[in-house]
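Here the structure comes first, spelled out in structure tokens, and everything after it is commentary.
Residue numbers begin at 1 in each chain, while the letters A, B, ... track the order of the sequences. Computed from a prediction, not measured in an experiment: that's the story for all the values here.
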Amino acid sequence: MRHVRPALLLLVAVFLCVPLFGLVTGGDWGQAGLSAADVRAILTSLIGGGGAVVLIALVGTPFALYLARASTRLSAFAEAAVLIPMLMPTLALGILLAAFYGPAAPAGALFARIGLVLTNTPAAFVLAAVYAALPTYIIAARAALGEVPVELENVARTLGDAPLKLFFRVTLPLAQRGLAAALALAYVRAMGEFGIVLIIAYFPAGMPVQLWTDVQDFGIGAVFPLLAAFLLAALPVPLWLGLRARRIIA
Amino acid sequence: MTLAVDYRIATPIKLHIHCEIRGFTALLGRSGAGKTTLLKALAGLLPAAGAPWAGLAPERRPVGYMPQGAALFPHLTALENAAYALRGPDRFARARALLDDLGIGALATRSAASLSGGEAQRVALARALGRGPELLLLDEPSAGLDGATRDAVMLALIETIDARGIPALAATHDPAVAGLADWLVLLAGGEIIQQGTPRAVFDHPVSVAAAELLGYQNIWEEGGGWYAIRAEDIGLSDTGLRATILSIREHGAGWRLECAAPRRVTVFLQAAPAALTAGETIHLDLPAAKVKRLLA
């Protein structure tokens with residue numbers, strides 16, 4: 001038993017890391033480079049995904065704080081509202097969003113009238129990323145905010161701080177590691193989103209869709225430079241923030 | 001130093017509070033009686049109707065609130081905690097002066113998370129004083145202190161607050177802490193059942209509930225009236241109340257006797273009684289001056 005446990009741990013850890021070996025052994029690194037379409041896809045993902053993350057932080061943080069503090073019938077409804085898009089298969093979500101925001105749908109037509117076309121535009125890309133990542137962020141942020149003792153917020157109020165001020169002086173500093181990890185998680189979801197963008201934001205292609213079309217056109221071996229760029233954009237910062245939130249690194 | 005309070009609170013506990021706060025006032029009540037609720041309502045953290053300040057947001061009330069366990073901001077130093085309510089470029093200098101005044105200037109650079117219970121409480125007091133309060137609210141100030149130094153720390157706290165001339169209301173369930181206060185208020189059944197100086201209240205509990213809160217061990221009904229006497233006020237005599245000893249155990253420097261007379265009577269004896277044993281019959285002396293007559 002004493003030797004079995006570490007061996008089992010090692011086995012599972014190696015199994016989980018196998019995809020990284022594929023990065024070294026599987027690619028046709030010799031002749032392939034980044035095409036102009038690949039570079040456009042990288043920029044689309046970074047700018048669109050980054051914009052989505054900013055929106056998510058602005059909208060999701062107050063919502064998560066409300067969920068962390070309130071327990072009313074309304075907050076129970078709000079919890080369900082967060083879970084529904086998160087649990088829905090992304091492809092199904094994409095189809096439903098197309099049916100709502102599409103040019104033929106009433107809501108889509110309404111947005112189009114004020115100049116906001118929500119299919120196959122940069123705005124549609126951001127919209128898809130927000131739907132993919134906002135619920136994830138809210139749930140993780142809610143857990144982080146829930147760990148801040150309400151008593152400390154109470155004391156801050158009696159010391160003269162209005163709610164918004166005490167959020168920046170007490171709640172945010174105490175929850176910052178967890179909130180940063182939540183944001184990183186949201187960023188990863190936004191970067192990696194495929195099912196929703198496939199339906200409502202096939203153009204402009206972000207990295208996942210570009211990878212998909214490249215695989216179709218040129219085969220697996222040819223896409224490794226873009227794949228590497230994809231992983232470089234998506235993995236390191238969230239990994240660092242995630243480890244920091246778990247206090248594995250300082 | 002005197003403040004009249006008239007508060008009606010609906011939730012989480014229904015309370016109607018009518019009392020005075022004079023100097024350092026102890027609010028004595030059982031756990032769950034609503035002490036914390038009243039403190040939070042006075043701080044504006046729970047809704048209440050009445051005077052003073054009802055309807056005013058917590059950040060607008062001239063109140064210093066010290067919850068149980070000090071509740072310092074753990075991401076700040078002692079000095080930053082003390083400076084929290086202060087504004088202006090000289091805020092840290094003023095906070096430093098506050099800490100020096102309370103004899104804890106040396107703690108200024110320490111992280112709040114690293115302080116002991118007593119140290120944290122002093123920093124929390126400095127932080128609350130920075131607010132310039134007209135009333136201090138302390139929730140179980142003796143809770144974080146260990147038994148050996150508790151009374152000394154509590155006395156120092158009371159002297160510090162009294163010296164500044166700020167009325168304070170301290171919630172406690174401990175009659176020993178209540179005995180140190182300038183003024184004592186008893187909370188039971190959702191209202192204030194008695195108030196006065198600790199000596200007056202301890203010597204003359206008005207009701208059974210008051211006597212129980214004040215730690216009277218013997219409360220009984222006799223001929224339609226209610227009476228109470230402290231265990232240490234009962235002595236042995238040759239002729240008094242006939243009682244059978246149920247048990248004897250050491251109690252501090254003396255002895256604690258549980259007797260049946262035939263109602264249950266608890267007695268603390270200072271001197272070790274020679275050769276008393278369980279089952280033996282004795283006579284108890286209940287001095288008339290020490291027997292308190294209670295309202296029901």
More than 12 foreign heavy atoms under 6.0 Å from [atom1] of [X]: is that the case here?
| X | atom1 | value |
| --- | --- | --- |
| A:F194 | CZ | yes |
| B:K40 | NZ | no |
| B:H18 | NE2 | no |

Is chain A contacted by the side chain of B:L72, its backbone, both, or neither, given a heavy-atom distance below 4.5 Å?
->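 When you check distances to chain A, only backbone atoms of B:L72 fall under 4.5 Å.
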Donor-acceptor pair, B:R127 side chain versus A:L159 backbone, under 3.5 Å?
-> no
Would you check if the side chain of A:R157 reaches a backbone N or O of B:L45 as a donor-acceptor pair within less than 3.5 Å?
-> no
Is B:P58 close to A:N154 at the side-chain level, that is, under 4.5 Å between some pair of heavy atoms?
->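 In short, these two side chains do not touch, never coming nearer than 4.5 Å.
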Kindly indicate whether the side chain of A:T158, heavy atoms from C-beta on, has any atom under 4.5 Å from the side chain of B:P133.
-> no
Given the options B:G64, B:G44, B:P74, B:G130, which has more heavy-atom pairs under 4.5 Å with chain A than any of the others?
->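 Most pairs with chain A among the choices: B:P74.
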From OH (B:Y84) to CG (A:L166), nearest 0.5 Å =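 So the OH of B:Y84 and the CG of A:L166 are separated by 6.0 Å.
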What's the shortest heavy-atom distance between A:A162 and B:E59, and which atoms?
-> CA-OE2, 3.7 Å
Can you name the nearest heavy-atom pair linking B:H75 to A:R169, along with the distance?
-> NE2-O, 3.0 Å
Salt-bridge test for B:R87 and A:D161: reply yes if a basic N is under 4.0 Å from a carboxylate O, no otherwise.
->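 Yes, this pair counts.
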Against chain B, label A:L174 side chain, backbone, both or neither, depending on which of its atoms sit under 4.5 Å from a heavy atom there.
-> side chain
Pairs of heavy atoms under 4.5 Å with chain B: top-ranked of A:P163, A:G160, A:P149 =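 Highest number of heavy-atom pairs under 4.5 Å: A:G160.
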